[in-house]
> 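Starting off with a structure, shown below.
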Amino acid sequence: MTRLRLAILISGRGSNMEALLRAAADPAFPAEPVLVVSNRPEAAGLHFAEAAGVAALSIDHKTYGKDREAFEFHVDSTLRGAGVEIIALAGFMRVLTPWFVKRWDGRMINIHPSLLPKYKGLDTHQRAIDAGDTEAGCTVHWVSAGVDEGEIIAQARVPILPGDTAETLAARTLPAEHRLYPEALAAACRQISQRDKKT
Ligand code: GRF
């Protein structure tokens with residue numbers, strides 16, 4: 001089995017990145033992490049990646065001001081230079097331009113803390129509570145031009161309990177994210193490998 005060369009893009013804590021790196025420590029996992037990139041130099045996740053022996057670097061979006069494409073051009077050339085074949089966004093808090101999304105079409109996935117198509121964007125847990133929902137969850141999906149709109153790969157559900165706040169619901173959802181993301185990444189790798197075989 002060939003393992004796809006994986007880059008993980010983060011902005012902060014990086015607990016989902018950590019879950020992916022732990023899963024990929026198994027040589028049978030279909031992705032091999034080669035690079036972690038953060039758009040914020042202070043992201044805590046960078047330290048975990050380095051300690052795990054994975055190359056980790058920051059490309060500070062602030063350096064580029066409003067020039068999103070210049071920032072993304074740097075990210076793109078860094079990823080291509082590392083021979084990356086699949087990108088997992090893990091708490092990466094930058095909206096990507098259509099240019100970047102197209103460059104990585106069918107090779108980039110994201111985890112979102114809601115049961116898409118419900119609650120795209122931010123404040124997902126509070127919005128689910130405010131709507132009176134009885135369940136919440138998380139979704140891994142392919143990244144497409146519309147934010148949080150790409151085809152769904154996998155979802156996990158958690159209950160919303162009486163008295164939940166956005167914080168308690170987030171704390172219940174996060175472990176479900178950590179279980180779901182490695183499985184969904186493995187499924188995405190299998191899809192890419194099958195597609196590549198045919199072409
Ligand atoms: C997660 O809830 C993820 O679903 C969302 O941002 C959060 C990132 O957390 N996109 P972490 O950085 O992976 O710990």
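All ligand and atom numbering here is 1-based and tracks the order in the structure. Source: prediction; values computed, not measured.
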> For ligand 1, is Gly14 a contact, meaning one of its heavy atoms is under 4.0 Å away?
yes

> Looking only at protein heavy atoms, which one is nearest to atom 9 (O) of ligand 1, and what is the separation?
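For this ligand atom, the closest protein heavy atom is Arg13 NH2, 3.0 Å.
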
> Starting from atom 1 (C) of ligand 1, what is the nearest protein heavy atom, named by residue and atom, and what distance separates them?
Glu177 OE1, 3.2 Å

> Quick test: of every protein heavy atom, which one is nearest to atom 10 (N) of ligand 1, and how far off is it to 0.1 Å?
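Going atom by atom, the protein heavy atom closest to atom 10 (N) of ligand 1 ends up being Ile111 O, 3.2 Å.
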
> Could you check whether Asp148 pairs with Lys118 (Lys NZ or Arg NE/NH1/NH2 to Asp/Glu carboxylate O, under 4.0 Å)?
no

> Considering heavy atoms of the protein only, find what lies nearest to atom 11 (P) of ligand 1 and give residue, atom and distance to 0.1 Å.
Ser15 N, 3.4 Å

> Salt bridge check: are Glu149 and Lys120 linked by an N-O gap of less than 4.0 Å?
yes

> Taking Glu183 first and then Arg179, would you say they form a salt bridge - that is, a charged N and a carboxylate O separated by under 4.0 Å?
no

> Is Ile10 near ligand 1, meaning one of its heavy atoms is under 4.0 Å from it?
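No.
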
> Are any of the side-chain nitrogens in Arg172 or Asp164 under 4.0 Å away from the carboxylate oxygens of its partner?
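Looking at Arg172 and Asp164, the cut-off is met.
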
> Which protein non-hydrogen atom lies closest to atom 6 (O) of ligand 1, naming both residue and atom, and how far is it?
Gly91 CA, 3.7 Å

> Would you call Glu135 and Arg157 a salt bridge, taking side-chain N to carboxylate O under 4.0 Å as the test?
yes

> Would you say that more than 12 heavy atoms from the other residues, nucleotides or ligands in this model lie under 6.0 Å from the CD of Glu42, or not?
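Enclosed: over 12 neighbouring heavy atoms sit under 6.0 Å from CD of Glu42.
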
> Give the residue and atom name of whichever protein heavy atom lies nearest to atom 5 (C) of ligand 1, and the separation in Å to one decimal.
Pro113 CD, 3.9 Å

